[in-house]
Structures are given as structure tokens and as C-alpha cells.
2 protein chains.
Amino acid sequence: MTAIKETSTIQENKRYALEQCPVSYVMERIGGYWKPIILYHLSKGDKRYSELKRAIPAITEKMLIQHLKQLEADNLVIREAKPVVPPFVTYRLSNAGIGLLPVIEAMAQWAFQDMEGKF
Amino acid sequence: MTAIKETSTIQENKRYALEQCPVSYVMERIGGYWKPIILYHLSKGDKRYSELKRAIPAITEKMLIQHLKQLEADNLVIREAKPVVPPFVTYRLSNAGIGLLPVIEAMAQWAFQDMEGKF
DNA sequence: CATAATACATACTTTGGGGTAAGTACTTGT
DNA sequence: ACAAGTACTTACCCCAAAGTATGTATTATG
């Protein structure tokens with residue numbers, strides 16, 4: 001989970017951004033290549049780890065759990081593991097994650113309108 | 001404006017993300033450290049280049065125009081330059097940019113709720 | 001005994017977004 | 001003559017996010 005140098009300018013700017021701008025605050029949590037896609041899939045229903053993997057063929061396993069862990073740490077998704085073998089792990093949106101649905105939907109709406117040249 | 005290697009996996013994945021996920025489509029356009037902040041400021045009214053600079057003290061001039069150019073190329077902001085000297089350049093949201101306001105507001109709402117531990 | 005399936009972990013490498021620093025053109029004010 | 005203000009541009013560097021590749025534990029099944 002890649003250690004972070006606390007002194008770098010980029011980290012200070014990140015902090016600045018988070019304090020100044022609610023939009024940055026959100027981006028910090030759902031940004032990156034894969035998090036939006038994962039959230040989009042989970043917004044359509046709970047999914048097992050392997051289901052997500054199959055649903056997003058282009059993602060590597062490293063990226064998948066890395067982001068799932070971060071989303072879990074950020075309280076956006078909840079991990080549920082049944083103590084069986086082979087493992088059975090389900091991911092679903094938390095309350096905070098569900099709270100993001102209006103954002104997700106607003107984005108989707110804009111995206112489709114923009115794609116169709118509506119602006 | 002940093003050349004991009006067209007063959008890299010990361011670029012292919014970006015393309016994949018854009019095609020698969022409307023959320024990624026939006027993030028591609030408003031992502032990064034500074035774009036959200038710039039948009040947030042412009043959402044409160046048109047601004048000159050120097051006004052933006054003063055409004056966001058932590059940003060460097062390189063980052064500021066770089067992102068303004070990208071936002072312009074992405075049709076989110078409109079640049080208007082009066083042919084006077086010293087230069088007088090104004091930036092404002094385009095129709096597509098204005099279309100993003102619901103997204104911005106949904107994000108802001110979520111951010112403030114999350115900050116106050118509402119989830 | 002070996003392979004498959006599931007859900008990860010971890011060492012190593014790449015790359016592109018962001019940062020630093022300096023320069024440009026043109027005019028007004030002192 | 002020189003600094004100050006405005007809106008940029010350009011060359012160079014760094015590092016954190018993303019990618020590659022391989023390994024782990026456990027049990028069922030042929």
C-alpha cells in the first residue's frame with residue numbers, strides 16, 4: 001500500500017485541496033482509474049471478489065484488492081467474509097457509499113449527455 | 001503539456017475505463033489536484049487569470065494555465081481575451097461546464113455530510 | 001499426488017502527473 | 001531607466017500510482 005512521504009509538496013497541496021474544496025475531498029476517495037468502475041459495479045448490487053474480477057477483465061488482482069482495501073478503509077464499501085473454504089467474500093456499499101449514489105448518477109447523466117453532444 | 005506514450009497499458013486501461021464507465025468519463029475531465037478547485041471557483045462566477053491565481057495561492061502558474069488549457073480543450077471552460085495591454089483574460093464555465101454544476105453540488109453535499117460524520 | 005478454485009500478498013519496474021525555476025512580451029507609473 | 005503587472009511558456013526533475021510477475025493457504029476432486 002505504498003508508503004507516503006509526508007514532507008513532499010504534493011502532499012501539502014493535497015491537504016490544501018481537501019480543506020479548500022469539497023470536490024477535491026470527494027475525488028480523493030473515488031479518484032484513480034479503477035475506483036469509479038468498482039463503485040459503479042457495486043452500485044448495481046453486492047458482488048463477490050471473483051465477480052468483480054470477471055466484471056472488470058482489464059483490472060489486475062493487485063489493483064482490485066488494493067482499491068477494495070482503500071475503499072474499505074475510507075468507509076465506502078463493506079467487506080464480508082464467510083469463514084469457509086474456498087473463501088467466500090462479498091463487497092457492498094456502506095452507508096457513505098450509498099450516499100454517493102446521487103453523485104454517481106449525476107455524473108452518469110452528464111456523461112451520457114456529453115457523449116451525445118448535448119452541450 | 002507532457003507527451004504521452006500511446007502504447008502503454010495505462011493508456012489502454014484509461015480508454016477501457018472511459019468506454020465502460022460514465023463515472024470514469026467524468027473523472028477524466030475533472031480529475032487531478034487542481035481542476036476541481038478551479039471549477040469550484042469558476043462555479044461561483046467568471047474570473048480573470050490573475051483572480052484565480054490569487055484565489056488559489058498554492059497553485060503554480062504552470063499548473064494553473066495547464067489545467068485551464070485542458071479544461072478549455074475539454075469544452076468545460078471558455079477563455080475570453082481582450083486584445084489590450086496589459087492582457088485581460090477571463091475564464092468562465094461553458095454549457096458543458098454549467099451542466100456539471102449538479103455533479104459539483106452533489107459532491108459538495110456528500111463531502112460536508114461525510115466531514116460531519118453523518119454516515 | 002496433483003490440479004483447480006478462491007482471495008489475497010509482495011517484490012520489483014515503469015511512467016506520467018505534478019513541482020521548480022526561469023524567461024518572454026508589452027505597457028504604464030515613478 | 002527601471003520596476004511592476006499581466007498572461008503566459010519552456011526546460012528539467014521527482015515520486016507515487018499503476019503495472020508485471022510470482023507466491024501463499026486451504027480444501028475438494030479426479
Side-chain angles (χ1 to χ4, degrees), chain A residues 1-17 24 27-38 47-72 77 79-91, chain B residues 1-17 24 27-38 47-72 77 79-91:
Chain A
M1 216 160 273
T2 29
I4 295 173
K5 218 179 202 175
E6 287 299 331
T7 51
S8 65
T9 319
I10 192 165
Q11 291 305 318
E12 282 174 39
N13 281 341
K14 215 173 240 179
R15 234 169 273 133
Y16 169 84
S24 295
M27 304 291 285
E28 221 359 66
R29 285 176 162 64
I30 68 173
Y33 294 141
W34 300 114
K35 276 187 205 160
I37 304 185
I38 295 172
K47 295 238 164 13
R48 290 184 66 179
Y49 175 83
S50 50
E51 287 180 305
L52 283 171
K53 223 179 66 179
R54 272 189 296 273
I56 315 171
I59 200 174
T60 64
E61 298 203 50
K62 182 199 166 189
M63 285 295 107
L64 184 53
I65 21 120
Q66 191 177 105
H67 286 125
L68 282 171
K69 296 285 172 198
Q70 284 174 22
L71 290 169
E72 198 195 353
V77 309
R79 195 190 94 113
E80 227 155 353
K82 288 182 188 166
V84 297
V85 68
F88 194 100
V89 179
T90 316
Y91 291 91
Chain B
M1 215 160 274
T2 31
I4 294 173
K5 219 178 201 173
E6 287 298 332
T7 51
S8 66
T9 319
I10 191 166
Q11 289 306 316
E12 282 173 39
N13 281 342
K14 214 174 242 179
R15 235 170 272 134
Y16 168 85
S24 295
M27 303 291 284
E28 222 356 68
R29 285 176 161 64
I30 68 173
Y33 291 143
W34 300 113
K35 276 187 204 160
I37 303 183
I38 295 173
K47 294 237 164 16
R48 291 184 67 180
Y49 175 84
S50 50
E51 286 179 305
L52 283 170
K53 224 179 68 179
R54 272 189 296 274
I56 315 170
I59 201 174
T60 63
E61 300 202 46
K62 180 198 164 190
M63 286 294 107
L64 183 53
I65 23 118
Q66 191 178 105
H67 287 124
L68 283 172
K69 297 285 172 198
Q70 285 174 23
L71 289 169
E72 197 194 353
V77 309
R79 195 190 93 113
E80 229 157 352
K82 287 182 189 166
V84 297
V85 68
F88 194 99
V89 179
T90 315
Y91 290 92

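In this text the structure is predicted, and so the values were computed from the model without any measurement. Convention: sequence-line order gives letters A, B, ...; per-chain numbering from 1. Computed from heavy atoms alone, side chains included, the values below leave out hydrogens, waters and symmetry copies.
Residue A:Y49 places none of its side-chain N or O atoms closer than 4.0 Å to OP1 or OP2 of C:dA9. One finds no side-chain N or O of B:R79 lying less than 4.0 angstrom from the OP1 or OP2 phosphate oxygen of D:dA7. Here B:N13 does not reach the OP1 or OP2 of D:dA18: none of its side-chain N or O atoms lies under 4.0 Å away. Between A:S50 and C:dA5 there is no side-chain polar atom (N or O) within less than 4.0 angstrom of OP1 or OP2. The side chain of B:T9 places no N or O atom within less than 4.0 Å of a non-bridging phosphate oxygen (OP1 or OP2) of D:dA18. Between B:H67 and the phosphate of C:dG18, there is a side-chain N or O to OP1/OP2 separation shorter than 4.0 Å.
Judged by the 6.0 Å distance and 45° axis criteria, A:R48 is positioned over the aromatic ring of A:F88.
In this structure, A:F88 places its CZ atom 10 Å from P of C:dT6, rounding to the nearest Å. A:E61 has its CD atom 14 Å from the C1' atom of D:dG19, to the nearest Å. Distance, B:M63 CE to C:dG17 P: 10 Å, rounded to whole Å. As rounded to whole Å, 14 Å separates atom P of C:dG17 from atom CE of A:M27. Whole-Å rounding puts the B:K14 NZ to D:dA18 C1' distance at 11 Å. Distance B:K62 NZ to D:dT10 P: 12 Å, rounded to the nearest Å. Summarising the geometry, the separation between CD on A:Q66 and C1' on D:dT20 is reported as 13 Å, rounded to the nearest angstrom. Computed from coordinates, the B:I65 CD1 to D:dC8 C1' distance equals 6 Å when rounded to whole Å.
Where A:Y33 and A:R48 each meet DNA chain C at their nearest nucleotide, the meeting point lying more 5' is that of A:R48. Mapping A:A58 and A:P86 onto DNA chain D via the closest heavy atom, the residue that lands nearer the 5' end is A:A58.
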Test B:V89 against B:R79 for side-chain contact (heavy atoms from CB on, under 4.5 Å), laying out the working first. CA-CA 7 Å; B:V89 179; B:R79 195 190 93 113; 3.6 Å; yes
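The side chain of B:T60 has C:dT20 as its nearest neighbour among C:dG16, C:dT20, D:dA18.
A donor-acceptor contact closer than 3.5 angstrom links the side chains of A:Y49 and A:E61.
Within 4.0 Å (heavy atoms only), B:V85 reaches at least one base atom of the nucleic acid.
Put simply, CD1 on A:I59 and CG on A:L52 are 8.5 Å apart, with the number rounded to the nearest 0.5 Å. The distance from the CD1 atom of A:I37 to the CE atom of B:M27 is 10.5 Å, given to the nearest 0.5 Å.
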